Amino acid sequence: METKNITRYYCPMHCEGDKTYDKPGECPVCGMHLNKEASATHSKVMYTCPMHPEIRQDHPGDCPKCGMTLVPEKGVETNEEEKAYKQMAKKFWIALSLSIPVFIIAMSDMVSFLHLESIAPKNVWGWVEFALATPVVFYCSWEFFVRGWNSIRRYSPNMWTLISIGVGAAYLFSVFALLFPSIFPEQFKDHSGHVHLYFEAASVILTLVLMGQVLELRAHSKTNSAIKALLGLIPPVARVIRDGEEIEIPLEEVKVGDILKVKPGEKIPVDGSIYKGEAVIDESMITGEPIPVEKSEGDKVTGGTINGKTAFEMKAEKVGSDTLLSQIIEMVNHASRSRAPIQKLADIVAKYFVQVVISIAIITFGVWVLWGPEPAYVYAFVNAVAVLIIACPCALGLATPMSIMVGSGRMAQAGVLVKDARAIEEMNKVDILIIDKTGTITEGKPSLKNYQSFGSISDDEILKLAASIDANSEHPLADAIVAGAKEKHMELIKMDKFESATGKGVKAIYKGKTIALGNQKLVDEFRANLDEDNKKIVKEWQLKAQTVMYLLIDNKVEGIVTVSDKIKESSAKAIKELQKMGLKVHMLTGDNQFTAKAVADELGLDGFTADCLPEDKFKKVKELQKEGHVVAMAGDGINDAPALEQANVGIAMGTGTDIAMQSAEITLVKGDLNGIVRARDLSRKVMRNIKQNLFFAFVYNSIGVPVAAGVLFPFFGLLLSPIIAAAAMSFSSISVIANALRIRNM
């Protein structure tokens with residue numbers, strides 16, 4: 001059954017939260033251009049002949065006319081972002097070409113050498129201004145007025161409310177002044193009896209707003225650079241082996257179980273495991289780690305990562321939306337659409353701010369009419385329009401979503417996947433981090449730790465005999481011992497009459513002697529004894545969280561072999577870094593007290609609790625939250641899911657279970673604690689960036705509005721024209737976007 005690929009669109013201002021739309025266009029609330037949501041699903045790849053473009057088919061092959069190899073067709077789809085940018089840029093250049101002559105005509109009174117009135121009367125030039133400004137208003141900028149009207153109609157005042165009222169007032173005033181000059185008071189007329197027109201203000205302001213929109217659309221495409229970089233990792237085709245032949249097929253046609261061939265330097269098409277051969281894989285775009293990883297048969301490989309210098313065959317295990325790369329893209333999409341709690345404050349402020357600004361503009365007009373110098377009405381009108389234009393809250397609205405969008409993308413590049421923007425803000429507030437032991441601090445699987453002889457044979461002989469007898473066992477600890485011996489290139493010995501003693505260990509016969517390996521119960525069964533020095537060594541290793549197994553030959557303990565769940569190399573450094581950041585790190589584990597204490601002491605943890613059941617971890621998180629702590633919980637198993645859900649921020653190891661990742665708000669792709677260090681550091685930087693943006697927007701408006709209203713005029717004779725106000729408004733928005741883009745380099 002074919003799944004239809006539905007393209008979704010969302011508002012960059014997140015006016016309705018994470019709501020999406022199924023068609024391109026403009027946000028019904030704020031009027032901003034809707035952005036296309038990135039998707040890891042390719043549209044159908046079409047192939048065409050370079051010589052005969054009329055030949056098109058949905059699979060690779062040769063041209064039936066000339067025999068040339070068909071190539072993937074490019075440029076079939078129109079990029080909505082690019083299309084919106086080009087349309088806005090076209091309108092901007094038209095507006096600019098019309099506004100410049102309008103501006104020159106309006107300024108002719110101040111530039112004596114132009115002598116325009118010697119060419120035609122002033123009222124004729126007024127009609128020329130009208131003819132030039134009207135296309136700017138009704139063709140280039142009409143959508144701004146539609147946005148403004150929608151904001152009033154929906155009672156959701158925003159930046160377009162102020163622009164449409166301010167510019168609309170200037171344009172309509174000028175039209176009426178041109179058509180009916182006699183109805184205006186003398187104050188609005190010059191010495192020749194002509195009413196001063198503001199066509200230049202309307203057209204130039206709209207041109208500056210258009211310029212701001214063009215720059216925003218161009219800059220906004222950069223905020224999605226992380227997703228685009230991830231999308232660029234997805235190859236359009238895969239090379240499948242069928243009936244012994246290599247066939248190129250579209251990526252969408254790859255099925256679970258297919259055997260794929262990956263050549264040197266190619267991108268791995270889907271998730272799976274190496275079926276034949278070896279490889280060195282660059283996984284930096286997925287894990288954030290720059291060092292390539294060696295892979296051999298059976299090892300997992302991830303779609304989108306880059307193969308090194310050897311070819312290999314792989315078995316497809318996850319395809320389409322099930323691949324890790326697709327899930328990463330979906331999580332980044334969701335995070336960039338979601339709203340951080342700090343955004344709610346900005347939204348409320350912006351809504352009431354517009355109403356306050358309109359009130360200030362009315363008051364400004366009244367004050368200048370009553371106490372301003374002559375012509376008072378002209379001063380009143382110009383300053384009221386300037387207040388409306390400069391106070392546009394565009395920068396305020398963009399401050400949070402731009403930083404969240406860039407930040408979540410940057411975190412994904414660092415191997416930190418954020419499901420919701422709230423987690424970015426909460427992670428910055430966390431003061432206690434709870435971590436599981438197995439699979440989080442440790443590798444989550446037993447490995448050989450130590451081995452020592454107590455008798456006449458050597459240490460290596462102890463390990464060799466232990467691995468040889470365990471080669472027949474299916475116990476996980478036996479696998480660890482055998483793997484440890486093989487790493488040391490030991491040749492195992494064939495033993496006879498293998499026997500497993502449940503709950504005790506294993507036995508076998510070698511050269512007529514009974515060889516046994518097991519726990520204390522097995523030692524007791526053989527009635528063997530240890531001297532005090534050997535007992536001391538055993539106790540010491542047990543206190544270091546090692547599981548001790550005794551090797552017996554006939555009835556004598558000849559040595560011991562220990563196995564432990566090895567602490568990840570990254571854990572100690574990461575925990576120290578987190579503690580330097582002000583977090584207290586506690587470990588909750590289902591393991592025993594001895595093992596838990598050994599791990600806690602080795603890593604210098606701030607606290608630990610052993611023998612924890614899932615409900616105990618859940619209760620501990622709730623208990624700390626009741627004490628006023630902001631708690632992050634990191635885990636990798638099904639037993640961690642309740643605590644991950646309850647924590648202020650749940651952090652799942654990407655190497656863990658799907659249930660843990662579904663319960664968490666942050667997933668660490670690589671699955672080590674360094675990811676938490678990155679998450680904490682980047683969340684701090686993103687929140688600082690948001691606060692910088694909000695501060696800039698608030699300060700800009702708190703200074704700009706009074707200046708536009710004319711508070712400096714009585715002292716310095718300074719006024720802010722609507723044109724300069726429009727330029728400053730556009731600059732503030734671009735500054736916010738530029739500041740948000742800095743996160744990409746963090």
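Here the structure is a predicted model, which means the values were calculated and not measured.
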Discussion item. Less than 4.5 Å apart, side chain to side chain, heavy atoms only: is that true for Leu492 and Val482?
Written reply: yes
Worksheet, complete the sentence: For Met633 and Ala647, the nearest pair of non-hydrogen atoms, with its separation, is CB-CB, 3.6 Å
Fill in: Atom of Ile434, atom of Val621 and distance for their closest heavy-atom approach
CD1-CG2, 3.9 Å
Worksheet, complete the sentence: When rounded to the nearest 0.5 Å, the distance separating CG of Asp470 from CD1 of Ile481 is 4.5 Å
Item to complete: Give the C-alpha distance, both sets of side-chain angles, the deciding distance and a yes or no for side chain to side chain contact (heavy atoms under 4.5 Å, CB included) between Leu578 and Ile676.
Response: CA-CA 8 Å; Leu578 290 165; Ile676 302 180; 3.8 Å; yes
Worksheet entry | Where Asn674 and Ala574 come nearest, the two heavy atoms and their spacing | OD1-CB, 3.5 Å
Worksheet item: What distance do Phe312 atom CZ and Lys261 atom NZ have between them, rounded to the nearest 0.5 Å?
Response: 10.5 Å
Worksheet item: Looking at OG of Ser447 and CD of Glu487, how far apart are the two atoms once the value is rounded to the nearest 0.5 Å?
Response: 8.5 Å
Worksheet item: Closest heavy-atom contact between Ala740 and Val406?
Response: O-CG1, 3.5 Å
Discussion item. Within the structure provided, determine whether Ile424 and Met411 are in side-chain contact (heavy-atom separation under 4.5 Å).
Written reply: yes
Worksheet item: With a 4.5 Å heavy-atom cut-off, do Lys267 and Asn307 have their side chains touching?
Response: no
Response to the item:
salt bridge (charged side-chain N to carboxylate O under 4.0 Å, His left out) filter on Glu278, not counting sequence neighbours, yields none
Worksheet item: With sequence neighbours excluded, what pairs up with Glu266 under the side-chain hydrogen bond (donor to acceptor under 3.5 Å, both in side chains) test?
Response: Arg239
Practice prompt. Could you tell me the separation between the OG1 atom of Thr323 and the CG atom of Leu251, rounded to the nearest 0.5 Å?
Written response: 8.0 Å
Item to complete: Check step by step if side chain to side chain contact (heavy atoms under 4.5 Å, CB included) holds for Val237 and Ile249.
Response: CA-CA 6 Å; Val237 296; Ile249 62 172; over 6 Å; no
Fill in: Chi angles and distances behind the salt bridge (Lys or Arg N to Asp or Glu O under 4.0 Å) call for Lys300, Glu317
CA-CA 9 Å; Lys300 300 290 183 183; Glu317 295 175 352; 2.8 Å; yes
Worksheet item: Which pair of heavy atoms, one from Ile651 and one from Ala632, lies closest together, and at what distance?
Response: CD1-CB, 4.2 Å
Worksheet item: Side chains of Val240 and Val254: closer than 4.5 Å at any heavy-atom pair?
Response: no
Worksheet item: When you measure from the side chain of Arg680 to the backbone N and O of Val430, does any donor-acceptor pair fall under 3.5 Å?
Response: yes
Worksheet item: With a 4.5 Å limit on heavy-atom distance, are the side chains of Val686 and Asn428 in contact?
Response: no
Discussion item. Can a donor-acceptor pair be found, under 3.5 Å and without considering hydrogens, that links the side chain of Asn689 to the backbone of Asn739?
Written reply: yes
Worksheet item: With Asp681, which residues qualify under side-chain contact (heavy atoms from CB on, under 4.5 Å), at least two apart?
Response: Met581, Arg684, Lys685
Practice prompt. With rounding to the nearest 0.5 Å, note down the distance linking CD1 in Ile268 to NZ in Lys295.
Written response: 8.0 Å
Fill in: Check: Val631 main-chain N/O paired with Asn648 side-chain donor or acceptor under 3.5 Å
yes
Discussion item. Would Ile241 and Glu313 count as a side chain to side chain contact (heavy atoms under 4.5 Å, CB included) here? Give the steps.
Written reply: CA-CA 9 Å; Ile241 299 175; Glu313 293 177 15; 3.5 Å; yes
Fill in: Pairing residues for Glu569 by the salt bridge (charged side-chain N to carboxylate O under 4.0 Å, His left out) criterion, not counting sequence neighbours
none
Item to complete: Identify the two heavy atoms, one from Ala423 and one from Val649, that lie closest to each other, and give their separation to 0.1 Å.
Response: O-CG2, 4.2 Å
Worksheet entry | Residues forming a salt bridge (charged side-chain N to carboxylate O under 4.0 Å, His left out) with Lys255, sequence neighbours excluded | none
Worksheet item: Excluding sequence neighbours, so at least two apart, what forms salt bridge (charged side-chain N to carboxylate O under 4.0 Å, His left out) with Lys449?
Response: none
Worksheet item: Could Lys429 and Glu425 be called an ion pair, given the rule that one side-chain N must be under 4.0 Å from one carboxylate O?
Response: yes
Fill in: Test item: Lys318 and Val270 side chains (from C-beta on) under 4.5 Å apart, heavy atoms
no
Response to the item:
CE of Met587 to OG of Ser571, rounded to nearest 0.5 Å, is 11.0 Å
Worksheet entry | Steps toward side chain to side chain contact (heavy atoms under 4.5 Å, CB included) verdict (Val630, Glu426) | CA-CA 8 Å; Val630 180; Glu426 288 292 306; 4.0 Å; yes
Worksheet item: Going by heavy atoms in the side chains, are Pro269 and Leu260 under 4.5 Å from each other?
Response: yes
Discussion item. Between Leu673 and Ile441, is there a side-chain heavy-atom distance shorter than 4.5 Å?
Written reply: yes
